[in-house]
Chemist: 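Encoded as structure tokens, here's the structure I'll be asking about.
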Protein chains: 2
Amino acid sequence: MLRCAIPVTQGTSEPADVAWETVVTIANSSTEERQDSAGSAAQRDRRKRILDATYELAKEGGFDAVQMRAVAEQADVALGTLYRYFPSKIHLLVSALDREFEDAQDKLKVREIPGDTPGDRVLYVLKRLTRGMQGDPKLTEALTRAFMFADASVANEIHAVGMSMTSIVTHAMHGTAADSEAITDDDVVLARVIGDVWLSALMAWVTGRSTAPETAQHMETAVRLILR
Amino acid sequence: MLRCAIPVTQGTSEPADVAWETVVTIANSSTEERQDSAGSAAQRDRRKRILDATYELAKEGGFDAVQMRAVAEQADVALGTLYRYFPSKIHLLVSALDREFEDAQDKLKVREIPGDTPGDRVLYVLKRLTRGMQGDPKLTEALTRAFMFADASVANEIHAVGMSMTSIVTHAMHGTAADSEAITDDDVVLARVIGDVWLSALMAWVTGRSTAPETAQHMETAVRLILR
DNA sequence: CCCATAATAGGAACACGTTCTACGTCTGGA
DNA sequence: TCCAGACGTAGAACGTGTTCCTATTATGGG
């Protein structure tokens with residue numbers, strides 16, 4: 001159904017079977033020129049323009065407004081080029097989500113996270129992220145729904161997002177900004193469960209099944225429960 | 001975007017703001033002629049034929065194979081009629097998922113659930129459900145992805161599925177087959193968190209990010225953690 | 001500098017979800 | 001019984017994701 005022969009800088013190209021434990025190590029490989037280092041300057045620029053256009057359109061009009069022809073036009077590339085860089089609309093949006101998460105991760109890594117217990121710190125971070133996403137409902141709707149809709153062909157990109165998410169949570173659990181912390185496998189397990197809950201809560205909010213306060217409440221309860 | 005003026009038997013037509021607590025009461029309203037009681041016999045029959053066709057196509061070829069023209073043809077109704085009953089492909093698939101869940105719920109309600117602790121019983125039920133779904137990968141992929149992709153217009157159907165899921169878990173927590181059990185708000189909270197994890201695990205499996213054993217393991221860990 | 005090759009532009013073509021139109025058919029109340 | 005209006009059929013038409021084709025332009029090795 002998809003040909004998936006992307007010859008160019010693909011945001012994420014880890015083998016699909018990376019174990020979740022690698023989250024820790026990979027997350028600690030610091031910020032330095034991440035994946036998008038490959039390819040010529042022009043290619044990196046095109047990739048950036050495309051993701052920027054995606055971001056703008058999603059922010060304005062949500063999932064439906066991110067139309068491939070519109071993205072191509074706004075990024076000033078041909079439709080075929082867009083598809084060369086991102087083999088489907090879902091790949092495109094999940095890659096955009098990935099970029100957002102990397103950014104968030106970088107910002108969170110800079111300073112100490114406030115809070116006395118792991119639960120406090122995790123909730124601080126999650127609520128901050130959630131508030132940020134709820135401030136851009138259309139954008140969040142677009143990125144979340146793409147993430148949810150993704151099928152197996154997007155496994156790599158989704159995996160990258162999952163890694164970022166887990167890394168953010170484990171980092172919050174420990175609180176310190178230091179890199180090579182002693183993050184145990186148990187921590188990763190806890191972080192994954194918290195990530196699961198967060199995703200579901202986000203989905204409930206996106207689909208209008210729960211309000212923002214309800215979402216926050218549900219997350220609070222769940223995190224307290226899991227990190228008790 | 002969607003006109004959503006379904007004049008006929010809609011599987012789920014609760015107001016969208018039913019609180020999650022109603023899960024308990026509604027779940028206890030026993031099996032007797034559920035929603036699909038409205039409408040003429042011919043209408044009920046058409047609705048059933050459509051859902052059957054959806055089920056078959058999904059089972060054979062997954063989400064992509066559930067094409068509206070194909071469903072209409074196999075159900076022996078006109079395309080317009082299909083859209084009269086289900087205003088979109090997503091509504092259709094989520095309704096099919098709902099029917100599956102109702103069936104599962106009915107089956108589980110019949111007999112006592114084995115296991116000494118709530119954790120054991122919940123895991124028994126979840127693993128049973130999961131194994132069932134993994135036995136029909138295409139079907140599961142179709143239903144799960146539709147559920148995930150749904151937007152606000154499908155809130156009612158999604159809500160119904162969430163209620164079934166929560167009801168199944170709370171029922172398993174208590175173990176007894178009795179109906180009006182003393183299910184507390186806390187139980188519902190626990191059940192929701194477990195449901196969240198289950199959904200995420202299912203999604204990871206559907207997208208090929210985790211294998212069946214990994215999925216089972218993750219669920220086991222999470223449930224032990226939550227019901228410890 | 002020149003050529004082979006890859007990358008891009010531009011846009012037609014196709015597939016499938018969705019909507020719309022025109023017409024036949026069933027049903028329930030006067 | 002008969003009629004009005006809802007329901008159903010058949011299929012055209014439209015929008016958007018995706019694929020494909022051809023000509024043009026960069027790029028990098030000799």
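Note that this is a predicted model, so its numbers are computed, not measured. Every chain is numbered from 1 and lettered A, B, ... according to where its sequence line falls, protein lines coming before strand lines.
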Chemist: Find the distance B/Arg44:CZ to D/dC7:C1' and express it as a whole number of Å.
Modeler: 16 Å
Chemist: Using whole Å, report how far CD of B/Gln43 lies from C1' of C/dG28.
Modeler: 13 Å
Chemist: For nucleotides 10-16 of chain D, which of its nitrogen or oxygen atoms have a protein nitrogen or oxygen under 3.5 Å away, and what is each distance?
Modeler:
from: D/dA13; atom 1: N6; to: B/Arg69; atom 2: NH2; distance (Å): 3.2
from: D/dT16; atom 1: OP1; to: A/Gln67; atom 2: NE2; distance (Å): 3.0

Chemist: List the residues meeting salt bridge (charged side-chain N to carboxylate O under 4.0 Å, His left out) with A/Glu220, not counting sequence neighbours, and say none if there are none.
Modeler: A/Lys127, A/Arg224
Chemist: With sequence neighbours left out, what residues match B/Gln217 under side chain to side chain donor-acceptor pair (under 3.5 Å)?
Modeler: B/Thr221
Chemist: Could you state the CG-P distance from B/Asp45 to C/dC26, rounded to the nearest angstrom?
Modeler: 15 Å
Chemist: Between A/Tyr85 and C/dT8, does any side-chain N or O lie under 4.0 Å from OP1 or OP2?
Modeler: yes
Chemist: Whether B/Tyr83 contacts C/dC20 is assessed here as follows: a side-chain N or O lying under 4.0 Å from the phosphate OP1 or OP2. Is that the case?
Modeler: no
Chemist: With a 4.0 Å heavy-atom cut-off, tell me which residues in residues 50-62 of chain B come close to DNA chain C, sorted by residue number.
Modeler: none
Chemist: By salt bridge (charged side-chain N to carboxylate O under 4.0 Å, His left out), which residues pair with A/Glu214, not counting sequence neighbours?
Modeler: none
Chemist: Identify, with sequence neighbours excluded, every residue that meets side-chain contact (heavy atoms from CB on, under 4.5 Å) alongside A/Arg128.
Modeler: A/Leu108, A/Arg111, A/Tyr124, A/Arg131
Chemist: Once side chain to side chain donor-acceptor pair (under 3.5 Å) is applied, do any residues pair with B/Asp136, and if so which ones, sequence neighbours excluded?
Modeler: none
Chemist: Can you measure A/Leu82 atom CG to D/dC20 atom P for me and round it to whole angstrom units?
Modeler: 16 Å
Chemist: Identify every side-chain donor-acceptor pair in residues 50-59 of chain B under 3.5 Å, counting partners at least two apart or on other chains, and give the distances.
Modeler:
from: B/Asp52; atom 1: OD1; to: B/Arg99; atom 2: NH1; distance (Å): 3.1
from: B/Asp52; atom 1: OD1; to: B/Arg99; atom 2: NH2; distance (Å): 2.9
from: B/Asp52; atom 1: OD2; to: B/Lys48; atom 2: NZ; distance (Å): 2.6
from: B/Thr54; atom 1: OG1; to: B/Ile50; atom 2: O; distance (Å): 2.8

Chemist: Tabulate atom names and distances for all N/O pairs under 3.5 angstrom spanning the protein and nucleotides 3-6 of chain D.
Modeler:
none

Chemist: Report yes if the side chains of A/Tyr85 and A/Gln43 come closer than 4.5 Å at any heavy-atom pair, otherwise no.
Modeler: yes
Chemist: I'd like to check the salt bridge (charged side-chain N to carboxylate O under 4.0 Å, His left out) partners of A/Arg46; sequence neighbours left out, ordered by chain and number.
Modeler: none
Chemist: Not counting sequence neighbours, which residues clear side chain to side chain donor-acceptor pair (under 3.5 Å) with A/Thr130? List them please.
Modeler: A/Trp198
Chemist: Quick one: A/Arg46 CZ to D/dT27 C1', roughly how many Å, whole number?
Modeler: 12 Å
Chemist: For residues 141-150 of chain A, pull every pair meeting salt bridge (charged side-chain N to carboxylate O under 4.0 Å, His left out), keeping only residues two or more places apart or in separate chains.
Modeler: A/Glu141-A/Arg145
Chemist: From C-beta outward on B/Thr81, which listed nucleotide comes closest to its side chain: C/dT18, D/dT27, D/dG8?
Modeler: D/dG8
Chemist: Let me know the distance between CZ of B/Phe149 and C1' of D/dG17, rounded to the nearest Å.
Modeler: 11 Å
Chemist: Side chains of A/Val193 and B/His218: closer than 4.5 Å at any heavy-atom pair?
Modeler: yes
